[in-house]
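Accompanying notes for the structure given below.
Just so we're on the same page: letters track the sequence lines, and every chain starts at 1. What you see is a predicted model, and the numbers here were worked out from it, not measured in a lab.
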There are 2 protein chains.
Amino acid sequence: MAGAPGVAMDDIQDDGVSQKVGDRAAVIREALHDAIVDHRLAPGTKLVEDEVGTLFKASRTVVRAALQGLAFDGVVTLERNRGAYVSRPTPEEARQVFHARRLVEPGLAAAAATRATAADLALLDAHLRDEATLGAARGPSARRAEIRASGDLHLKIATVAGNDLLTRFLKELISRSSLVIALYGRTTVSSCGRDEHRSIVDALRRRDGVTAADLMHHHIDHIEADLDYRAGEEASLKDIVFDTDG
Amino acid sequence: MAGAPGVAMDDIQDDGVSQKVGDRAAVIREALHDAIVDHRLAPGTKLVEDEVGTLFKASRTVVRAALQGLAFDGVVTLERNRGAYVSRPTPEEARQVFHARRLVEPGLAAAAATRATAADLALLDAHLRDEATLGAARGPSARRAEIRASGDLHLKIATVAGNDLLTRFLKELISRSSLVIALYGRTTVSSCGRDEHRSIVDALRRRDGVTAADLMHHHIDHIEADLDYRAGEEASLKDIVFDTDG
DNA sequence: CGGCCGCTGTTTGTATACAATCTGGCGTCA
DNA sequence: TGACGCCAGATTGTATACAAACAGCGGCCG
């Protein structure tokens, strides 16, 4: 398949420790989820059940459960009788992801502003410091860490807002955003994001929900503005012509 | 069986036709989902894998996939080594459901106002007529149809808004709302809901997104106001101990 | 008489075997 | 030469067998 580049599943590995507690399927699912969100597994990569099973020393039964879970998260696409692939969001799907984020996250930020405790704010501050450190570092692994950290802040704000359902939904949106950035991102991370993150946290500290919501809205606009939805299309145009995909 | 009250899984059955297309797990999942949302399966009911498998003439492998899917939808709760149960949202979870709906649905209504085509509006009108008919009918099955129809309108508005991700999320919220109503609902359906539905569709027709959003917000408030979060805890306990009629 | 312990049936968790389906290549035929 | 069809290998879909965990119960001991 033309979709799978040289990036294979080499650098995913079982941590070998946590499997004593919780489902083994959950362990595999989280490991793969992390790998996908971190761009260690490229969109389009095929995930063969036996291969994953060998990697994690689990039977296909368990692997299948994990893959189904990832499909529900939207980071993996299941094609009947064909297998599981890391999702390749279309430009339209990508737009919908950011539309959803614009609809949800400002409200979440506003809620967070009224509910943030001193401990919450301390955690967010610590996060901002981490981001600054990561931004100074170089190299691809630092880049990956920076991508993940950026999404994590949004997730932490959602956690402060205190609605588990919305937090879970946002987690899915952020995962999908990561795929979208992998496909259509111009720069990997826009450095202006860090400043905007700081402004948002400042607004939370002032309990200024309206400003926080407004800043969040613009921040998401900026993230999306850094995408080029046409970039990915020409590569996959060939796929579309020969594929009966809508 | 101790856990299962009078409501068992008797009136769920395989339609026997559609299994030629799509996963068999998906068929089971949808049948169970419908049964739960329609209040034919009460919250707390245990779903034994073998039992479901016998009902649908499928092996446990397939049933497990269906149950896992339902767990992702939030209508079923999986307890490790204990089994699958129809979810019983706590009052706190119920509040979060409506908080999420208040955050998402007004925005969805506003988007629908700008995008609704004549065909969309015709579909919504037809839906309002159906609701009126169902409201006039009597009997428990008409009640169930009315509950379902009420949720369906919200879902149709989301569809008009044109964001698949948000539509799917709302579908989950509505499913959970149905469980919440089963547990904490005072009246099964508030008849004022129909009037409010009509007002919202009217606003969509006028392309008045602001009013539509506002009406939707109040509508959700009214739905939640019809709940009694304290009632459920003791009343449902009784439901489980004694065998109340279906 | 009451509480603890181990037994047994039931239910879930996992592995594996087999069937169905897809992919890709080769040979035949027009 | 090109296209069609068929065969072989690989991969997924499903059923089943076995192991582990849980729940209820009866007996034993304090």
Q: Give a yes-or-no answer on whether the side chains of A:Tyr184 and A:Glu224 include a donor-acceptor pair shorter than 3.5 Å.
A: no
Q) More than 12 foreign heavy atoms under 6.0 Å from NZ of B:Lys156: is that the case here? A) yes
Q. Between atom CZ in B:Phe56 and atom P in D:dT14, what is the gap in whole Å?
A. 15 Å
Q. Strictly by modelled atom types, are B:Thr159 and B:Thr167 linked by a side-chain donor-acceptor pair under 3.5 Å?
A. no
Q) Can you tell me how far P of C:dT12 sits from CG of B:Leu67, to the nearest Å? A) 9 Å
Q. Using a cut-off of less than 4.0 Å, is there contact between a side-chain N or O of B:Arg60 and OP1 or OP2 of C:dT10?
A. no
Q) Within the structure, does a side-chain N or O atom of B:Thr61 lie under 4.0 Å from either OP1 or OP2 of D:dT14? A) no
Would you list the protein and nucleotides 20-22 of chain D atom pairs, both N or O, that sit under 3.5 Å from each other?
| unit_1 | atom_1 | unit_2 | atom_2 | d |
| --- | --- | --- | --- | --- |
| D:dA21 | O3' | B:Asn81 | ND2 | 3.2 |

Q: Figure out the OH/P separation between A:Tyr85 and C:dC22, and round it to whole Å.
A: 12 Å
Q) Hey, are the side chains of B:Leu108 and A:Leu103 touching, using non-hydrogen atoms and a 4.5 Å cut-off? A) yes
Q) Taking CZ from A:Arg64 and P from C:dA15, how many angstroms apart are they, rounded to a whole number? A) 14 Å
Q. Quick one: does B:Asp120's side chain have a donor or acceptor within less than 3.5 Å of a partner on B:Thr117's backbone?
A. yes
Q.
Between P on C:dG13 and CG on B:Asp50, what's the gap in Å once rounded to a whole number?
A. 13 Å
Q) Any donor-acceptor pair under 3.5 Å linking the side chain of A:Ser178 with the backbone of A:Ile174? A) no
Q.
Nearest whole Å is fine: how far is D:dT11 C1' from A:Leu78 CG?
A. 13 Å
Q | Distance, rounded to the nearest Å, where B:Glu79 contributes CD and C:dT10 contributes P | A | 21 Å
(Q) Of the listed nucleotides (D:dA15, C:dT12, C:dA15), which one gets closest to any side-chain atom of B:Lys46? (A) C:dT12
Q | Between P of C:dT16 and CD of A:Glu49, the distance in whole Å | A | 15 Å
(Q) Do A:Glu92 and A:Gln96 make a side-chain contact, defined as non-hydrogen atoms from C-beta onward lying under 4.5 Å apart? (A) yes
